[in-house]
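Worth saying up front: this structure is predicted, and the values here are computed from it rather than measured. One-based numbering along the sequence shown.
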Amino acid sequence: GTTMAFRRQYVSLQLYEALMKKTKSKSEFSRVLTASMLNGDFCPKELSFDSSPYIKYKRQEFYQLQKLYEAVWGDVECFPLTGGKFSYEDTFGAPRTYGGDRVHEGTDLFGEKNISGYYPVLSMTDGTITNLGWLEKGGYRIGVTTDSGTYYYYAHLDSYANIQKGNRVKAGELLGYMGDTGYGEEGTKGKFDVHLHVGIYSYEEGREISVNPYYVLLYLENKKLKYAYS
């Protein structure tokens, strides 16, 4: 089964850059990443190109992991915010108490200005809008599902762009504006600082698995758009 080590998605920038230089396709990227993760106990310091031992002894697990890594890393193209400098930390798995004891299943991004409706929120991927509307914990949120089946969740928006559920979106397309909505009935604002919560969910044998967006976002820092288009 998938372990917490997989869910943490630890891929250093150095490892990512080496992967991009040494591999020529999404499938090769995910194959080498899977071998490297298994060889490095999910915290690899170097690339591993030989996957034959894992395929020989754990064929099903290897191909399952390869498919999951390709689904998470193969679709992302764009940093989800534009218009300023943003800060975020690796808080995946940290405790949360609103609505009962739970853990944080994403990454929170903050801008220099604590102003609702100021920063544009962009889609990190191509995909289809599969959720749109209010959630008590997430406020005004958008869910985008990629063609590979990975679900990208954007929460606490102040407002939406001119989009509807079922629309196709492109990576970099304007989804709405960062806000501070949530933690109450529809329209509740101001219970916390303005920020964007990003969640990434993969699927293994029909089970939803939250994975850590932090290292994906670090990589996407180099892919910020200078503008948003609607």
Side-chain angles (χ1 to χ4, degrees), residues 2 4 7-9 71-72 75-76 79-83 86-125 127-146 149-169 173-204 206-214 216-217 228 230:
T2 303
M4 188 63 184
R7 294 175 63 196
R8 287 205 61 77
Q9 293 290 311
V72 172
D75 294 326
V76 288
F79 196 76
L81 291 167
T82 187
F86 304 97
S87 61
Y88 51 98
E89 297 178 359
D90 184 4
T91 57
F92 187 75
R96 293 289 188 269
T97 55
Y98 181 83
D101 289 340
R102 55 195 175 91
V103 296
H104 196 224
E105 290 191 339
T107 299
D108 292 333
L109 298 98
F110 297 85
E112 293 175 299
K113 300 178 187 292
N114 188 37
I115 302 173
S116 192
Y118 183 82
Y119 294 109
V121 175
L122 314 179
S123 182
M124 296 162 68
T125 65
T128 302
I129 296 173
T130 48
N131 277 313
L132 186 75
W134 182 266
L135 280 181
E136 183 182 352
K137 290 175 185 169
Y140 291 116
R141 61 67 160 98
I142 292 174
V144 176
T145 302
T146 67
T150 307
Y151 181 72
Y152 290 79
Y153 171 70
Y154 307 85
H156 309 307
L157 272 64
D158 177 69
S159 59
Y160 297 122
N162 185 24
I163 52 176
Q164 295 179 330
K165 189 175 177 179
N167 284 172
R168 290 285 296 178
V169 292
E173 189 164 340
L174 180 66
L175 298 177
Y177 292 88
M178 190 160 78
D180 56 357
T181 60
Y183 284 22
E185 62 185 24
E186 182 163 357
T188 300
K189 294 185 175 185
K191 298 278 188 176
F192 40 74
D193 284 343
V194 173
H195 71 279
L196 174 68
H197 171 98
V198 170
I200 302 176
Y201 295 84
S202 196
Y203 293 86
E204 179 190 45
R207 291 187 304 122
E208 183 180 82
I209 304 164
S210 61
V211 297
N212 189 6
Y214 178 74
V216 177
L217 289 165
S230 56

Taking only residues two or more places apart in sequence, or in another chain, which ones meet [X] in a ring-ring contact (aromatic ring centres under 6.0 Å, His included)?
X      : value
Tyr88  : Tyr214
Tyr154 : none
Tyr153 : His197
Phe110 : His195

Looking at [X] and [Y], what are the two nearest heavy atoms and their distance?
X      : Y      : value
Ala71  : Ser202 : CB-OG, 4.5 Å
Gln9   : Val72  : OE1-CG1, 3.7 Å
Thr107 : Pro213 : OG1-CD, 3.5 Å
Thr128 : Gly166 : CG2-O, 3.8 Å

Is any side-chain heavy atom of [Y] closer than 4.5 Å to one of [X]?
X      : Y      : answer
Phe79  : Phe86  : yes
Val121 : Tyr119 : no
Val144 : Val169 : yes
Pro120 : Leu175 : no
Val198 : Met124 : yes
Arg8   : Asp90  : yes
Ile142 : Asn131 : no
Leu81  : Met178 : yes

Any residue meeting salt bridge (Lys or Arg N to Asp or Glu O under 4.0 Å) with [X], in chain and number order, not counting sequence neighbours:
X      : answer
Asp193 : none
Asp158 : Lys189
Arg141 : none

Applying side-chain contact (heavy atoms from CB on, under 4.5 Å), name anything that partners [X], two or more places apart in sequence or on another chain.
X      : result
Thr145 : Thr130, Tyr151
Glu186 : Trp134, Tyr140
Ser159 : Tyr177

* **Asp180 side-chain N/O to Val194 backbone N/O, donor-acceptor pair under 3.5 Å** =>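 No, Asp180 side chain to Val194 backbone: no donor-acceptor pair under 3.5 Å.
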
* How would you list, by chain and number, every residue that makes a side chain to side chain donor-acceptor pair (under 3.5 Å) with Tyr203, sequence neighbours excluded? ->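 Glu208.
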
* To do: Please name all residues satisfying side chain to side chain donor-acceptor pair (under 3.5 Å) with Thr188, sequence neighbours left out, ordered by chain then number.
  =>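 Partners of Thr188 under the side chain to side chain donor-acceptor pair (under 3.5 Å) test: none.
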
* To do: Go through Asp75 and Thr125 one step at a time and tell me if the side-chain hydrogen bond (donor to acceptor under 3.5 Å, both in side chains) criterion holds.
  => CA-CA 6 Å; Asp75 294 326; Thr125 65; over 6 Å; no

Could you tell me the separation between the [atom1] atom of [X] and the [atom2] atom of [Y], rounded to the nearest 0.5 Å?
X      : Y      : atom1 : atom2 : answer
Ser123 : Leu174 : OG    : CG    : 10.5 Å
Ser116 : Leu157 : OG    : CG    : 9.0 Å
His156 : Leu109 : NE2   : CG    : 11.0 Å
Asn212 : Arg7   : CG    : CZ    : 9.5 Å

* What's the verdict on side chain to side chain contact (heavy atoms under 4.5 Å, CB included) for Tyr152 and Thr146, showing C-alpha distance, side-chain angles and the deciding distance? -> CA-CA 8 Å; Tyr152 290 79; Thr146 67; 3.6 Å; yes

* Asked: Just checking, Lys113 and Tyr118: is the charged tip under 6.0 Å from the six-membered ring centre and within 45° of the axis?
  ->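 Satisfied, under 6.0 Å and within 45°.
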
